[in-house]
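Below is one structure; the comments refer to it alone.
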Amino acid sequence: MMTMNCKPNLLSGQLIAVYNKMMAIDSRKNNCDVIYVGDMTGLNSYEANLFINGSILIPNVRAMQYLVIDEKNSYRKEYLMQLNTDPNVSEYIETIVCALFKGKTIVLYVPEEALEFNYHEILFQFFRNVVGLNIQKGPNDPFYFDTSYTPQVLTILLKYQMIDRWYYLYMMPEELMNDIMFMRNIILPSMGYNYTEENIQFIIGVRKEMDKKNKVIRPAITYY
């Protein structure tokens with residue numbers, strides 16, 4: 001009988017958006033981590049202590065200036081530039097990915113008064129485009145992870161030492177293991193290996209053994 005290759009879900013947590021304050025507070029009481037995706041200066045001290053500051057994810061002053069003068073295309077463009085180029089935004093999103101890997105439920109609380117600015121839709125699309133996270137926005141719109149983004153997420157998890165290089169290798173999609181350029185330019189450097197034929201054959205051999213046994217294998221001897 002053939003053994004089924006059943007690898008674990010890479011991200012076992014949940015990423016949910018809410019827009020109602022009471023829902024956000026209830027989520028916090030249910031041991032969810034709630035990120036306030038808005039300007040926290042309007043919160044009282046009790047509320048400020050309930051929520052994690054997510055103001056780094058909202059549009060900056062320059063973007064909001066475009067919105068004030070009704071330049072919506074410029075507003076969107078400026079906000080997307082901010083999301084794409086601000087290293088603090090990248091680190092924040094990477095931290096969320098790490099939390100989802102650990103099985104946490106993360107709630108993004110966008111206050112109702114901010115919905116008219118529509119930045120949440122731009123932000124949620126950014127999550128989809130960059131790390132494949134489709135945020136749950138209601139009972140009929142569940143959270144799911146687009147597994148075509150597995151290499152990007154594995155790279156994040158390896159960067160923050162949430163996984164080791166052998167788990168990284170084990171979870172890498174099989175089709176990418178057969179792509180010699182991806183192997184040379186992404187997999188080998190990420191695992192700390194120089195590009196040599198010996199290293200390629202070693203890595204391929206370890207991965208084949210992992211697939212055969214359906215588990216992570218950590219060789220006692222490695223080559224560089």
Side-chain angles (χ1 to χ4, degrees), residues 11 13-146 149 152-153 156 160:
L11 301 179
Q14 296 285 317
L15 186 59
I16 303 168
V18 301
Y19 313 105
N20 177 274
K21 183 182 291 186
M22 289 311 301
M23 288 182 67
I25 292 174
D26 287 344
S27 298
R28 181 67 181 82
K29 291 177 180 177
N30 289 320
N31 296 320
C32 300
D33 291 323
V34 182
I35 298 173
Y36 188 86
V37 188
D39 184 355
M40 295 192 74
T41 57
L43 299 180
N44 60 45
S45 59
Y46 169 74
E47 293 169 344
N49 288 327
L50 278 180
F51 307 133
I52 299 169
N53 190 340
S55 59
I56 191 68
L57 300 176
I58 68 175
N60 59 25
V61 173
R62 182 172 176 81
M64 292 304 293
Q65 286 174 334
Y66 282 121
L67 194 60
V68 168
I69 61 175
D70 203 29
E71 290 285 346
K72 293 182 180 179
N73 288 336
S74 297
Y75 164 68
R76 180 182 181 87
K77 183 178 179 181
E78 180 66 30
Y79 182 38
L80 282 172
M81 183 181 299
Q82 172 192 343
L83 294 175
N84 277 293
T85 60
D86 188 341
N88 294 314
V89 170
S90 297
E91 288 182 4
Y92 207 103
I93 292 176
E94 289 168 354
T95 301
I96 290 174
V97 169
C98 291
L100 296 175
F101 175 73
K102 294 181 70 174
K104 289 181 173 291
T105 297
I106 305 297
V107 175
L108 301 177
Y109 168 36
V110 181
E112 290 181 83
E113 59 270 21
L115 295 181
E116 64 179 301
F117 303 131
N118 205 43
Y119 63 73
H120 61 293
E121 292 294 347
I122 301 171
L123 177 64
F124 296 168
Q125 184 65 52
F126 184 76
F127 270 92
R128 287 192 289 272
N129 293 343
V130 174
V131 284
L133 300 179
N134 291 265
I135 298 166
Q136 179 174 336
K137 294 180 285 185
N140 300 317
D141 187 14
F143 166 74
Y144 71 90
F145 168 55
D146 182 347
Y149 287 80
Q152 291 92 325
V153 168
I156 291 170
Y160 288 90

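Any value given below was found using the heavy atoms of this structure, including those in side chains, with hydrogens, waters and symmetry copies removed. Each residue takes its place number in the sequence, starting with 1. Here the structure is a predicted model, which is why all the values come from computation and not from measurement.
Here the straight-line distance linking atom CG of Asp146 with atom CG of Leu11 works out to 11.0 Å at 0.5 Å rounding. The CD atom of Gln136 lies 9.5 Å from the CG atom of Leu15; values are rounded to the nearest 0.5 Å. Note: Asn44 CG to Asn49 CG = 9.0 Å, rounded to the nearest 0.5 Å. Note that the CG atom of Asp86 and the CD1 atom of Ile93 stand 10.0 Å from one another [nearest 0.5 Å].
Side-chain N or O atoms of Tyr119 include one that pairs as donor or acceptor with a backbone N or O of Val37 at under 3.5 Å. Side chain of Asn30 to backbone of Cys32: no donor-acceptor contact under 3.5 angstrom is found. The backbone N or O of Leu80 sits less than 3.5 Å from a side-chain atom of Asn84, completing a donor-acceptor pair. In this structure, the side chain of Tyr75 does not engage the main chain of Val68 through any donor-acceptor pair within 3.5 Å. Between the side chain of Gln82 and the backbone N or O of Ile58 there is at least one donor-acceptor pair closer than 3.5 Å.
Shortest non-hydrogen contact noted between Tyr92 and Ile56 is CD1-CG2, 3.3 Å. Considering all non-hydrogen atoms of both residues, Ile135 and Ile16 come closest at CG2-C, 3.9 Å. Across Gly54 and Ile35, no two heavy atoms sit closer than the pair CA-CG2, 3.6 Å. Leu83 and Phe126 get closest at one heavy-atom pair: O-CZ, 3.4 Å. Heavy-atom minimum distance, Phe143 versus Gly13: CE2-O, 3.4 Å. Residue Glu94 comes nearest to Tyr160 through the heavy atom pair OE1-OH, 2.5 Å, listed as atom of the first residue, atom of the second, then distance.
Judged as a side chain to side chain donor-acceptor pair (under 3.5 Å), and not counting sequence neighbours, the contacts of Tyr66 are Arg62.
In this structure, Asn88 places its CG atom where more than 12 heavy-atom neighbours from other residues, nucleotides or ligands lie under 6.0 Å away. The local environment of NZ in Lys137 is crowded, with over 12 non-hydrogen atoms from other residues, nucleotides or ligands closer than 6.0 Å. Around atom OH of Tyr144, no more than 12 heavy atoms belonging to other residues, nucleotides or ligands sit under 6.0 Å away.
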Check the pair Glu47, Arg28 against salt bridge (Lys or Arg N to Asp or Glu O under 4.0 Å), reporting the backbone distance first and the verdict last. CA-CA 11 Å; Glu47 293 169 344; Arg28 181 67 181 82; over 6 Å; no
Worked check of side chain to side chain contact (heavy atoms under 4.5 Å, CB included) between Ile156 and Phe101: CA-CA 11 Å; Ile156 291 170; Phe101 175 73; over 6 Å; no
Before giving the answer on side chain to side chain contact (heavy atoms under 4.5 Å, CB included), spell out for His120 and Leu115 the whole-Å C-alpha distance, their side-chain angles and the decisive distance to 0.1 Å. CA-CA 7 Å; His120 61 293; Leu115 295 181; 3.7 Å; yes
Take Val61 and Met64 through the side chain to side chain contact (heavy atoms under 4.5 Å, CB included) test and state the conclusion after the steps. CA-CA 5 Å; Val61 173; Met64 292 304 293; 5.7 Å; no
Stepwise side chain to side chain contact (heavy atoms under 4.5 Å, CB included) test for Val110 and Phe124: CA-CA 11 Å; Val110 181; Phe124 296 168; 4.2 Å; yes
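Looking at heavy atoms from C-beta onward, Asn60 lies in side-chain contact with Glu78 at the 4.5 angstrom threshold.
Screening Leu133, Leu100, Ile52 against Ile106 for a side-chain contact (heavy atoms from CB on, under 4.5 Å) leaves a single residue, Leu100.
Residues Lys77 and Glu71 are not paired through a salt bridge, judged by the lack of any N-O separation under 4.0 Å between the basic side chain and the carboxylate.
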